[in-house]
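Everything below concerns the one structure shown next.
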Amino acid sequence: QQQVKQSPQSLIVQKGGISIINCAYENTAFDYFPWYQQFPGKGPALLIAIRPDVSEKKEGRFTISFNKSAKQFSLHIMDSQPGDSATYFCAASRDSGAGSYQLTFGKGTKLSVIP
Amino acid sequence: EAGVTQSPTHLIKTRGQQATLRCSPISGHTSVYWYQQALGLGLQFLLWYDEGEERNRGNFPPRFSGRQFPNYSSELNVNALELEDSALYLCASTRQTGWRETQYFGPGTRLLVL
């Protein structure tokens with residue numbers, strides 16, 4: 001059972017364009033939604049995160065849009081650059097008991113930004 | 001500040017053997033999570049250790065086990081290796097429990113089971 005569905009699997013965007021990655025979740029108990037960026041040979045690194053009481057969060061060129069009623073959230077990368085080429089994972093977290101907040105990840109989107 | 005470190009970077013084993021993977025959290029972090037990143041499956045939660053105790057585990061068989069040492073470093077053991085255990089194993093550390101606590105990931109150990 002996949003609790004966080006991410007699309008698309010891969011994305012090619014021209015330099016300067018907007019990259020959009022979408023995620024949908026099923027469990028309404030999730031209360032924290034981070035996005036991670038992973039470069040080849042590296043572990044994932046936190047990019048930006050949002051709580052469900054906020055509909056949008058922006059940090060530089062990265063924006064999360066959150067739709068609680070639709071149980072969907074998305075990452076927008078404005079003015080995409082070749083250095084943004086990486087795999088992006090959406091994730092969701094909740095209290096799984098005994099204070100455990102493990103992340104449930106989407107399957108990832110491989111973004112390629114071409115010059 | 002040094003990040004999360006993992007060793008070895010690569011590990012090749014044959015089916016039925018045991019593998020031991022190690023993780024050193026960021027200094028001051030007491031909580032360690034282990035994830036499996038198998039091809040096409042994304043990252044899946046394996047185990048959570050906090051203050052030396054196993055607090056929670058994901059949907060993996062008991063042959064996946066581990067421990068956390070007094071210095072908060074952690075070890076993941078995989079017994080009776082199967083071909084499908086081939087994956088990148090990532091550990092992440094946090095300062096304390098809590099849903100706002102950022103999980104910082106190491107570079108991972110790539111395990112190949114032949």
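From a predicted model like this one, the values you see are computed outputs, not experimental measurements. Labels below follow one simple rule: chain letters A, B, ... track the order of the sequence lines, proteins then strands, and each chain is numbered from 1.
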- Task: Let me know if Gln44(B) has heavy atoms under 4.5 Å from chain A in its side chain, its backbone, both or neither.
- Result: neither
- Query: Is there a side-chain contact between Gln81(A) and Asp79(A) (heavy atoms, below 4.5 Å)?
  - Reply: yes
- Message: If I measure from the heavy atoms of chain A, does Leu90(B) come under 4.5 Å with its side chain, its backbone, both, or neither?
- Response: side chain
- Query: So, does Arg15(B) use its side chain to make a donor-acceptor pair with the main chain of Leu114(B) at under 3.5 Å?
  - Reply: no
- Message: Tell me whether Asn59(B) at atom CG has more than 12 heavy atoms from other residues, nucleotides or ligands lying less than 6.0 Å away.
- Response: no
- Task: Show your working on salt bridge (charged side-chain N to carboxylate O under 4.0 Å, His left out) between Arg67(B) and Glu54(B) and close with a plain yes or no.
- Result: CA-CA 7 Å; Arg67(B) 52 181 172 166; Glu54(B) 179 181 307; over 6 Å; no
- Side chain from CB out, backbone as N, CA, C, O: work out which of these in Gln9(A) comes under 4.5 Å of a heavy atom of chain B, or both, or neither. neither
- Message: Heavy-atom pairs under 4.5 Å with chain B - which of Thr87(A), Leu46(A), Leu103(A), Thr104(A) has more of them than the others?
- Response: Leu103(A)
- Task: Please determine, among Gly43(A), Ala45(A), Gly108(A), the option with the most heavy-atom pairs under 4.5 Å with chain B.
- Result: Gly43(A)
- Tell me, do Val78(B) and Gln17(B) make a side-chain contact under 4.5 Å, heavy atoms counted? no
